[in-house]
Asks: 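Input: one structure, supplied below.
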Amino acid sequence: MLHVGNFAENLENVSENLDRFPNMHVDIAARIGELGRQPRAARAFFEKYQDRILFGTDATPHAENYPQQLFGDELYEIYYRFLETDDEYFDYAPAKVPPQGAGASMGSAFRRIFCARSITGTPRANFGFHYKERRE
């Protein structure tokens with residue numbers, strides 16, 4: 001099911017569905033904002049269902065009018081930070097007005113869980129993306 005079962009705000013409900021339907025899988029496309037606002041619950045969810053979570057985005061190469069969906073390094077930098085760093089409080093979309101409202105996301109060291117279990121690796125491995133750590 002796309003977008004963390006279309007209910008990323010309620011991981012308890014998504015967990016119940018994953019337990020009830022053993023063939024169900026979810027992707028994280030366009031839902032790191034919701035997941036990042038509940039880092040401990042999201043980490044537990046990722047740990048429990050690591051073999052049933054897929055990487056995905058809603059990105060498209062021709063989304064100049066919708067910067068939160070523009071396929072490019074800026075979007076993948078955000079996913080990289082979310083999945084592979086311990087960074088805290090960063091924008092979850094490369095847009096002045098985020099698609100799911102104002103707020104920030106937190107990385108939660110999912111790299112040890114999610115990316116290690118991924119068949120094809122991380123966005124960096126799939127798309128030649130290289131994260132440049134920012135120091136301020």
Side-chain angles (χ1 to χ4, degrees):
M1 294 199 63
L2 63 117
H3 301 153
V4 191
N6 238 2
F7 209 7
E9 301 87 353
N10 189 339
L11 293 177
E12 183 178 341
N13 179 277
V14 179
S15 295
E16 289 171 6
N17 286 318
L18 284 164
D19 292 340
R20 183 175 177 197
F21 303 106
N23 290 332
M24 181 178 161
H25 291 71
V26 296
D27 74 25
I28 63 168
R31 292 300 179 263
I32 62 172
E34 290 86 344
L35 295 169
R37 287 191 282 269
Q38 51 185 334
R40 288 180 294 280
R43 182 173 178 80
F45 180 82
F46 274 60
E47 286 176 353
K48 184 172 182 180
Y49 300 106
Q50 58 188 280
D51 293 328
R52 298 167 67 189
I53 300 171
L54 305 171
F55 175 78
T57 75
D58 274 356
T60 179
H62 305 291
E64 289 77 16
N65 294 329
Y66 306 97
Q68 73 273 13
Q69 296 176 340
L70 184 59
F71 183 81
D73 283 356
E74 192 175 6
L75 178 68
Y76 285 104
E77 178 180 335
I78 293 166
Y79 276 91
Y80 180 88
R81 288 179 77 185
F82 179 73
L83 293 169
E84 293 203 34
T85 74
D86 295 321
D87 291 354
E88 294 182 359
Y89 206 77
F90 54 90
D91 291 333
Y92 65 88
K96 289 180 182 177
V97 178
Q100 281 105 5
S105 192
M106 298 177 68
S108 295
F110 292 122
R111 66 184 170 276
R112 289 183 281 287
I113 303 166
F114 185 72
C115 295
R117 303 292 297 196
S118 171
I119 293 171
T120 57
T122 64
R124 172 185 53 182
N126 288 333
F127 300 99
F129 174 76
H130 300 285
Y131 174 69
K132 296 176 187 142
E133 191 169 333
R134 293 183 180 150
R135 302 238 187 247
E136 296 180 28

Asks: Considering only distance and modelled atom types, tabulate donor-acceptor pairs under 3.5 Å from the side chains of residues 11-18, sequence neighbours left out.
Replies:
from	atom 1	to	atom 2	distance (Å)
Asn13	OD1	Asn17	ND2	3.1
Ser15	OG	Leu11	O	2.8
Asn17	ND2	Asn13	O	3.3

Asks: For the CD atom of Glu84 and the CZ atom of Arg81, what is their distance to the nearest 0.5 Å?
Replies: 13.0 Å
Asks: Test of understanding: with side-chain hydrogen bond (donor to acceptor under 3.5 Å, both in side chains), list the residues that count as partners of Asn10, not counting sequence neighbours.
Replies: none
Asks: According to the ring pair (Phe, Tyr, Trp, His ring centres under 6.0 Å) rule, which pairs have a member within residues 2-45, sequence neighbours left out?
Replies: Phe45-Tyr49
Asks: Please check if Met24 and Ile28 belong to a single hydrophobic cluster, counting links between Ile, Leu, Val, Met, Phe, Trp and Tyr side chain heavy atoms closer than 4.5 Å.
Replies: yes
Asks: Take the angle between the ring planes of Phe82 and Phe46 and call it parallel below 30°, perpendicular above 60°, tilted in between.
Replies: perpendicular
Asks: Grab the two heavy atoms, one from Glu34 and one from Ala8, that are nearest each other, plus how far apart they are.
Replies: CB-CB, 3.7 Å
Asks: Specify the closest pair of heavy atoms between Val26 and Val4, including all atoms of both residues, with the distance to one decimal.
Replies: CB-CA, 3.9 Å
Asks: Can you name the nearest heavy-atom pair linking Gly36 to Pro39, along with the distance?
Replies: O-CD, 3.5 Å
Asks: Drop me the distance from Asp87's CG to Ile78's CD1, to the nearest 0.5 angstrom.
Replies: 11.5 Å
Asks: Are Met1 and Phe55 in one and the same hydrophobic cluster, where Ile, Leu, Val, Met, Phe, Trp and Tyr link if side-chain heavy atoms are under 4.5 Å apart?
Replies: yes
